[in-house]
Amino acid sequence: MKRFLTPADLGDLRKALEDAKSVKNNPYADQALGRNKTLLLIFFNSSLRTRLSSQRAGFNLGMNVIVLDINNDGWKLETEFGVVMDGDKPEHIREAVPVMGQYCDIIGVRSFARFESKEDDYSEKILNQFIELSGKPVISLESATRHPLQAFADLITIEEYKTKPRPKVVLTWAPHPRALPQAVPNSFVEWMKIADVDLVVTHPEGYDLAPEFMEGVTYEPNQQKAFEGADFIYAKNWASFNQYGQILSKDRSWTVDEAKMALTNNAKFMHCLPVRRNMIVTDGVIESPNSIVVQEAANRVVSAQVVLKRMLQTIAEAYD
Ligand code: SN0
């Protein structure tokens, strides 16, 4: 595997879920695979789970791990082409990325949507520089349009907690004080569409995801109706795609609360975290026994480890 951005990069999803089980049951089985291999994690944005779980996954595989918070510890990077670099950015991404590639065997990068331009974000301007110029396998640690390690961990979690072969999974928009990227909901629907689940998406008017993600998805405008009979409630805020990056609503009648959870089939509550309490979800719901947000976060190690293991296998095969 040379890159990890979409579920297609994993191939057969059933097989990937089997790999996840075996990694979880036996996390140190492949220590030899990562020996003397270096994982470099580059962060353009904040992180708690992604940083720690990716490090832990690398250690479990016997790898060395280097983390760089590029905004605070590196040179500020110029990402525009053809500019006269007489401002505050001393280094160009076109030198920085191939240099980073010299110091590692696998590279992970976090670069959120910047909301300056829909075209720049949806063409994955930053992530694609790493794919094009690093010369190394690249893992998205949440790029402008996707968060695949999160969605894979979400699927692993749903597999673990489901009580029927094809559970009803509801992705609900919820209010937030800031404009957040579409990466998490984009990946969530992208993965759930091809999983053994019935996916329903509910959000206020104007919050449709990009057409390529919404295509084939069941949309229910009425949140309470969407919740009826649900086995999993997955809450997330995102900013508008059509009115790109805009906040169209902060309507707290969309907050996930106990009354709405009572409409479900005793649904489990999920969120990628960090979560704003009493905006996205009430204290009561997130602290209830049905909340599996911590177990979901724990599976971030598993999803990262499956991906790293596959990349290490590809590297090993190249030397056979
Ligand atoms: C990010 C997002 O894409 O929504 C990362 C989620 C894994 N979330 C935030 O930036 C939340 C920041 C906030 O102010 O609550």
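Atoms within each ligand, like the ligands themselves, are counted from 1 in listed order. All values below come from the heavy atoms of this structure, side chains included, with hydrogens, waters and symmetry mates left out.
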- For the residue pair Phe188 and Tyr234, is the inter-centroid distance of their aromatic rings smaller than 6.0 Å? yes
- Quick one: which of Tyr244, Trp238, Phe241 gives a ring-ring contact (aromatic ring centres under 6.0 Å, His included) with Phe115? Tyr244
- Around atom OH of Tyr219, are there more than 12 heavy atoms of other residues, nucleotides or ligands at under 6.0 Å? yes
- So, do Thr157 and Arg300 sit near enough that their side-chain heavy atoms are less than 4.5 Å apart? no
- Do Lys162's NZ or CZ and the ring of Phe232 fall within the cation-pi criteria of under 6.0 Å and 45°? no
- Task: Below 4.0 Å from any atom of ligand 1, which residues have a heavy atom? Give them in chain and number order, please.
- Result: Phe112, Glu142, His147, His176, Arg178, Leu180, Pro181, Lys236, Cys272, Leu273, Arg276
- Item | Ion pair Lys268/Glu160, N-O distance below 4.0 Å | no
